[in-house]
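In what follows, a structure is listed as structure tokens, so that the remarks can point back to it.
Ligands are counted one by one from 1 in listed order, and the atoms in each one are counted from 1 as well. Positions are given from 1, in the same order as the sequence printed here.
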Amino acid sequence: MNSPFCNVALAVPLRTTFTYAIPETLRDFVQPGTRVLVPFRKKALVGVVVDCVPHAPDGTKIREITKILDFLPALPPRLIELGQWIAGYYLAPVGEVFRAMLPPVTELRTERQIALTDSGRVAADKEIVATRSLNPQQHAFLSRLRDKGGAAPFAFAAKLGLDDAALQRMRRAGLIEIRESMLGRKPKTHRVIAWKGGGEKNGSENSEGNGDEKGQEKNQEKDNAEAQSAQRARREGKDGRVRAFDEKIGGVRAALEARGPLPLARLLRVAKVSRSVIERMLRDGLLESWEERVDPAEDPFDAGYVPPAHELNVEQESAMKLIRSRFELGEFGVLLLHGVTGSGKTEVYMRAVQETLARGKTAIILVPEIALTLWIGRQCRAWFGARFEGVAVLHSALSDLERAREWWRVRNGEARVVVGTRSAIFAPLENLGLIIVDEEQESSYKQEETPRYHGRDVAIVRAKMENATALLGSATPSLETYHHARSGKYELLTLAGRVESRPLASVEIVDLRDDFARTHQTSPISAALHAGIQECLAQKTQALVLINRRGYSWSVLCRSCGASLQCANCSISMTYHKHRNRLECHYCGSIQPVPKQCPKCQSQYVYFFGEGSEHLEERLRKEFPGARIARLDRDTARTKRQYQETLGAFAGGALDILVGTQMLAKGHDFQRVTLVGVVSADSSLSLPDFRAAERTFQLLTQVAGRAGRGELPGRVLIQTFYPEHYAIQDAVRQDYPAFYERETQFRRVMGYPPFTSLANVIVRDTNLEKAIRWSRQLSEYFSPHDGKGLRILGPATAPLAKLKKEHRFQFLLKSPKRSLLAKVLGGAMTYLERKEIPETAVMVDMDPLSLM
Ligand code: ADP
Ligand code: ZN
Ligand code: ZN
């Protein structure tokens, strides 16, 4: 504190921090984690203070910080440490890492509040003051604050003649807290009502199957209730009216017991009583109520949602036991919850979070998809939102303002459970006890731009730094994770069966070669799949149909000259979107009109092939004219609302067939799905990527897991041209260990993860000659290292030779020793600088998920 200089991380593509002088007046406020506005070249940039230092480096002109943005450092110390680790491990500029960790800069719209702490309250209540951090003026301020209900806007202090430095001192002394909250409309709240007037859960009048014991309790309660009402009757002497009132009480009680605490407005509707009845019951102490914030991330389906509260089955219980003993140890550890689809992992997550909260700690739940944040978020609000702790939801479909607001709620300690996608791993929770990574194998955890971190791996590192537990969950763990679980590095918890002994869906292969031989049809829907869907429709159950690509057709070819229509910027063929009537590049987003003739030879015979989801939807509508069909992919689900609507409609039974991309495969718990069709299992198998088999196996197993989750048995049809492939065979048997054994053999022989660490290095530039020259230079640096504990392949043309107008060359570094990779790559960075090769021209991807 009080240092004259500080080092600031700026979001510029340079791997250093920058030293600035701190003006006298700001010295008390600048701490590691504080966001500051600084001049940089000719601009003003927002950066994060990394550390404060007594001296500036010699020989450079040091400029001053213009202004500070935070009174309370935006980033707590643990997150600064985490950011620095990420910058080092993923070779990313630290400023860009911090930018990814922070909420969008909306500081102009924040409001600063001063709130009294517990010890501040004690001090305010004291008559006499004699401490160093509290003079009479400050004491008067605390008392005024107390009288105002314990909180006031920041300006309140100035009005009483207190300056920032005085406030800062009181904050350090623990008397007050400073909170940043987002300006804007006051958070909406509503009144929530719960049953309080004694009695057990099963007391509602119409509940069935009570055992003897419970029956007795119930009678006991009835007696109580009768005694109560008799008492009231005596008091009021109006028997009839009292009986009518008791009936209403019964109705309210039944509603609350069946559904849990309800917002007032809904309770009135459900129980069909007037407000005065509720008021009276509140006065009589039969009900309790509290104001609850209407969550900004709350979605319309929250309304009718009742959290399932199952008794854990034996497997879930023993998993919980291990989790609990891990908590009791109170030290870092990684657990893998390997549970087949439908084994009730979510239930285990919820209880693990509950126990974490009960220990006074906080929790993060990472999910791979925005759609799942909604679903898990809803569960969390139902479990914890009401009475225990706030739940915050963080994902990229929120507006900047919403995101910032949620972020600051977390930073202020108003939310103790965070549910979100990848970047929610940076949620500024303090006292973190648990990080859950659901579907840990999902590739969406990997960020494919700088900083190229993996959310799961960062979760483990953060858990380690915070002495917390990391709980990874999956039906199809990544090979790396399972490998660690086998070797004992992680603890393995297994849920081998589905809940209530429901069978896994039966999986059948449809050999497309046979199908064609028999039908001579080229429909993406085989005869078997057609029959299966027909059966679903007849039985009024639901079907999911999965296809790997979106758009109408993913290839456009001239039949006359054979030219295929490629993106002008990328070496990738354009996808035809029929509804939008244009061609799109799925890599760079460029658009072209639909050609009437071949641009090369002017022939009329332009041919579209390779079915995408749009095409499949059209096909299904044609083949099943009466069915209610919707499509879910990135084109139809562009917003949170669209996602919700489609998923909600399907879950609610308003649709018969849902067709879509991988989005369908993940997590959703649809109860009436009896058929899952996979239109082509092969497109992911044939990719030039060492993870192709793993991805295919995972996708098939996941999607198969969507069938037969309710009481009705499920069936899965996988269409393929390669029925013999082990990824498909093992997926049919849903045999993860068998797949693991085979795949690890291949990985070991080929020297791929988990047996080696990989780094993918891409040299790129719009100017082909430059790209070649730099690749050659980099190759000169790399070659002496090749063979000395690591292998260096390349430079070669990258599989995606051109992307967004840039030509791309690739090096692949492999080593059984990670530290060696890091060392050589670190050296490469210095070398680039010396050779004046721009940092942006070389992309380093540590632990790449894809080698494209
Ligand atoms: P997973 O994530 O493992 O695929 P879910 O957590 O979605 O499975 O659970 C599948 C279904 O089983 C859900 O409908 C859930 O409410 C239900 N469920 C979970 N635990 C139990 C239990 N112990 N008894 C009965 N049903 C359960
Ligand atoms: Zn042509
Ligand atoms: Zn493109």
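For Glu311, every heavy-atom contact with ligand 1 shorter than 4.0 Å involves the backbone, none the side chain. Contacts with ligand 1 closer than 4.0 Å are made by backbone heavy atoms (N, CA, C, O) of Val340 only, the side chain lying farther away. Under 4.0 Å from ligand 1, heavy atoms of Thr346 appear from its side chain as well as its backbone. Of the heavy atoms in His310, only side-chain atoms (C-beta onward) come closer than 4.0 Å to ligand 1.
The shortest N or O to N or O distance between Arg502 and ligand 1 is not under 3.5 Å. Residue Glu500 has no N or O atom closer than 3.5 Å to an N or O atom of ligand 1. For Gly339, no nitrogen or oxygen atom sits less than 3.5 Å from a nitrogen or oxygen atom of ligand 1, counting backbone and side chain alike. Taking any N or O of Ser343, backbone or side chain, at least one lies under 3.5 Å from an N or O belonging to ligand 1. Taking any N or O of Gly344, backbone or side chain, at least one lies under 3.5 Å from an N or O belonging to ligand 1.
Of all the atoms in ligand 1, the ones that sit under 4.0 Å from a non-hydrogen atom of Asn313 are 23 (N). Near Thr341, with a cut-off below 4.0 Å to any heavy atom, the atoms of ligand 1 are 4 (O).
Between Glu347 and Arg351, at least one side-chain N (NZ, or NE/NH1/NH2) sits under 4.0 Å from a carboxylate O, which counts as a salt bridge. Taking the charged nitrogens against the carboxylate oxygens, Lys804 and Glu806 have no contact shorter than 4.0 Å, which rules out a salt bridge.
Among residue pairs with one or both ends in residues 563-587, those qualifying as salt bridge (Lys or Arg N to Asp or Glu O under 4.0 Å) are Lys578-Glu618, Arg580-Glu584, Arg580-Asp635, Arg582-Glu584; sequence neighbours excluded.
Less than 2.8 Å away from the Zn ion (ligand 3), the protein contributes these N/O/S atoms: Cys567 SG, Cys570 SG, Cys585 SG, Cys588 SG. Closer than 2.8 Å to the Zn ion (ligand 2) sit the protein N, O or S atoms Cys558 SG, Cys561 SG, Cys598 SG, Cys601 SG.
No donor-acceptor contact under 3.5 angstrom links the side chains of Gln441 and Thr481, judged on distance only. Checked by atom type, the side-chain pair Thr341/Arg498 shows a donor-acceptor distance below 3.5 Å. The closest side-chain donor-acceptor pair between Ser478 and Arg456 falls under 3.5 angstrom.
The CZ atom of Phe739 lies 10.0 Å from the CG atom of Leu700; values are rounded to the nearest 0.5 Å.
What you find for Asp633 and Ser613 is that their closest heavy atoms are OD2-OG, 2.6 Å. Residues Gly433 and Ala468 come closest through the heavy atom pair O-CB, 3.4 Å.
You'll find the side chain of Thr469 stays beyond 4.5 Å of the side chain of Ile323, heavy atoms only. Side-chain contact check for Leu337 versus Tyr349: some heavy-atom pair is nearer than 4.5 Å.
The ring-ring contact (aromatic ring centres under 6.0 Å, His included) check on Tyr552 picks up Tyr576, His615, with sequence neighbours excluded.
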Task: Intermediate values then yes/no, side chain to side chain contact (heavy atoms under 4.5 Å, CB included), Leu472 and Tyr482 - done: CA-CA 10 Å; Leu472 314 180; Tyr482 201 73; over 6 Å; no
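The neighbour count for Arg634 CZ, taken as heavy atoms of other residues, nucleotides or ligands under 6.0 Å away, does not exceed 12. The neighbour count for Phe609 CZ, taken as heavy atoms of other residues, nucleotides or ligands under 6.0 Å away, is above 12.
The closest approach between a heavy atom of Gln671 and any atom of ligand 1 is below 4.0 Å.
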